[in-house]
There are 2 protein chains.
Amino acid sequence: MSEVTDSMPRRTGKRERLVDSATALVYRQGIERTTLAQVAADADVPLGNVYYYFKSRDELLRAVVDARLDEIRGFLSELDSVASPQARLRALAQNWTTVADDVVMYGCPIGSLTVELNKHLGGARDCGPLLLREVVDWAARQFRELGYADAEVQAESLIARIQGVALLASAFHDRSLLEREFSSIERGIRAPAKNAR
Amino acid sequence: MSEVTDSMPRRTGKRERLVDSATALVYRQGIERTTLAQVAADADVPLGNVYYYFKSRDELLRAVVDARLDEIRGFLSELDSVASPQARLRALAQNWTTVADDVVMYGCPIGSLTVELNKHLGGARDCGPLLLREVVDWAARQFRELGYADAEVQAESLIARIQGVALLASAFHDRSLLEREFSSIERGIRAPAKNAR
DNA sequence: GTCTATATAGCGATAGAC
DNA sequence: GTCTATCGCTATATAGAC
């Protein structure tokens with residue numbers, strides 16, 4: 001992510017619009033079904049102009065992953081202002097229910113992109129693990145603070161469960177499944193029992 | 001799935017080879033990256049001949065989903081011969097660890113296909129829920145027999161956890177995560193506590 | 001039934017005027 | 001920096017000989 005300086009061209013917002021459109025289209029349609037023509041049209045930018053901002057389709061895809069990464073980091077750093085690690089973890093889980101309609105329709109924005117990147121053959125494939133890694137590492141820090149000796153394991157287990165629930169809820173388009181399981185997930189976030197500490 | 005009868009053309013195996021090749025390629029590369037030329041070459045069938053067996057690419061994709069469905073049904077009916085419902089559920093979970101290398105590399109064959117079908121726009125999109133539905137319904141029958149009043153909920157929770165673990169293990173290409181979490185999953189399959197019955 | 005050759009369309013990417 | 005026009009390729013799908 002480059003900063004805007006005086007030596008750079010004036011901020012037109014076109015690059016940002018392209019990334020936003022691409023992010024939304026990739027979320028709804030998947031990576032391979034999303035064409036540059038669709039992205040350009042949605043962002044209201046002429047097709048040929050896309051290549052002024054990105055030298056290839058794959059580079060635009062990397063920008064999409066970067067945008068998701070920024071989104072995740074921003075959200076997690078907001079959560080850091082919540083008082084207790086338990087409340088922070090519960091607030092994290094609650095986030096999937098606040099976008100329940102999208103999750104039920106298109107799956108988890110992070111999880112489904114991760115699955116697709118894992119089958120992608122271009123250069124953006126390497127970015128695949130980064131998204132969930134960010135979330136797992138943050139959750140591990142919370143579990144550590146909560147008193148768990150196996151904080152990384154707890155974090156992977158929690159995020160796995162969240163991802164699995166999002167997958168099933170979207171596969172079945174079942175919002176009540178999502179709400180019920182996330183209630184259970186949030187209830188399960190507790191300080192460790194003494195023998196597990 | 002049509003049966004072979006005397007009035008039908010002799011079984012050449014070409015259709016079966018095409019479906020097998022398509023299934024494997026879709027698993028490794030994803031739906032949209034897999035071309036008819038690749039499938040035809042892998043199955044050693046001339047490209048133009050594909051259209052004798054399938055009237056469109058989307059129909060071939062439906063055949064891939066049907067093949068996965070048959071695979072699932074066959075496996076689950078094998079499991080039905082296992083003695084106890086608890087052992088049957090554990091044997092189900094264990095299946096993901098027996099194909100651990102594939103899961104770590106390409107994800108769960110059922111889950112990743114389900115995610116992709118959910119973003120697919122063709123006619124095969126409707127087949128998306130069928131795969132996991134089969135597994136969840138089977139698991140619910142086992143939980144019912146085990147004595148759970150909320151067998152469907154238990155089944156959805158179990159399959160969600162399995163899918164989430166497969167997703168994380170493939171995202172991080174982490175075999176030990178997969179083995180550790182599936183140990184935990186198998187240990188967690190038990191008869192209900194009295195107050196939950 | 002089988003296979004070659006090809007039609008047709010849409011994609012990523014580029015050239016070059018402004 | 002911006003945009004139009006278009007190139008070259010590859011994909012699905014078809015036509016028609018055998």
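For the numbers below, each heavy atom of this structure counts, side chains included, while hydrogens, waters and symmetry mates do not. Per chain, numbering begins at 1; letters A, B, ... match sequence-line order.
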Practice task
Please list, chain by chain and in numerical order, all residues satisfying ring pair (Phe, Tyr, Trp, His ring centres under 6.0 Å) with B/Phe54, sequence neighbours excluded.
Solution key: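 Listed in chain order: nothing, the list is empty.
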What is the distance, to the nearest angstrom, from the [atom1] atom on [X] to the [atom2] atom on [N]?
| X | N | atom1 | atom2 | value |
| --- | --- | --- | --- | --- |
| B/Asp44 | C/dT2 | CG | C1' | 13 Å |
| A/Arg15 | D/dT2 | CZ | C1' | 17 Å |
| B/Arg33 | D/dA11 | CZ | P | 10 Å |
| B/Ile31 | D/dA11 | CD1 | P | 17 Å |
| A/Leu36 | D/dT6 | CG | P | 20 Å |
| B/Gln38 | D/dA11 | CD | P | 7 Å |

Closest approach to the side chain of [X], judged atom by atom: which nucleotide of [options] is it?
| X | options | answer |
| --- | --- | --- |
| A/Tyr52 | D/dA11, D/dT2, C/dA13 | D/dT2 |
| B/Pro46 | C/dC11, C/dC3, D/dC3 | C/dC3 |
| B/Tyr53 | D/dA13, D/dT2, C/dT2 | C/dT2 |
| B/Arg57 | D/dA13, C/dA13, C/dT2 | D/dA13 |

Handout entry: Non-hydrogen side-chain atoms of A/Val135 and A/Trp138 separated by less than 4.5 Å
Key =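 When only atoms from C-beta onward are counted, A/Trp138 and A/Val135 do not touch, as no gap falls below 4.5 Å.
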Exercise for the section: Flag the pair A/Val39 / A/Val26 as yes when at least one side-chain heavy-atom distance between them is below 4.5 Å, and no otherwise. Expected result: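 Heavy-atom side-chain distance check fails, nothing below 4.5 Å.
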Exercise for the section: Sequence neighbours left out, what passes side chain to side chain donor-acceptor pair (under 3.5 Å) with B/Ser184? Give chain and number order. Expected result: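 Testing B/Ser184 for side chain to side chain donor-acceptor pair (under 3.5 Å), a comparison that skips the adjacent residues, returns B/Arg161.
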Exercise for the section: Sequence neighbours left out, what pairs pass side-chain hydrogen bond (donor to acceptor under 3.5 Å, both in side chains) with at least one residue falling in residues 89-103 of chain A? Expected result: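 Residue pairs passing side-chain hydrogen bond (donor to acceptor under 3.5 Å, both in side chains), neighbours aside: A/Asp101-A/Arg175.
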Filtered N/O pairs between nucleotides 14-18 of chain D and protein, under 3.5 Å:
none

Just jot down the side chain to side chain contact (heavy atoms under 4.5 Å, CB included) partners of [X], sequence neighbours excluded, or say none.
| X | value |
| --- | --- |
| B/Gln154 | B/Phe143, B/Tyr148, B/Asp150 |
| A/Arg133 | A/Val136, A/Asp137, B/Phe172 |
| A/Ser56 | A/Asp58, A/Glu59 |

Exercise for the section: Any salt bridge (Lys or Arg N to Asp or Glu O under 4.0 Å) involving residues 114-131 of chain B? Give me the pairs, sequence neighbours left out, ordered by first then second residue. Expected result: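 Sorted result for residues 114-131 of chain B: empty, none.
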For nucleotides 7-9 of chain D, print each protein N/O atom paired with a nucleotide N/O atom at under 3.5 Å, atom names and distance only.
none

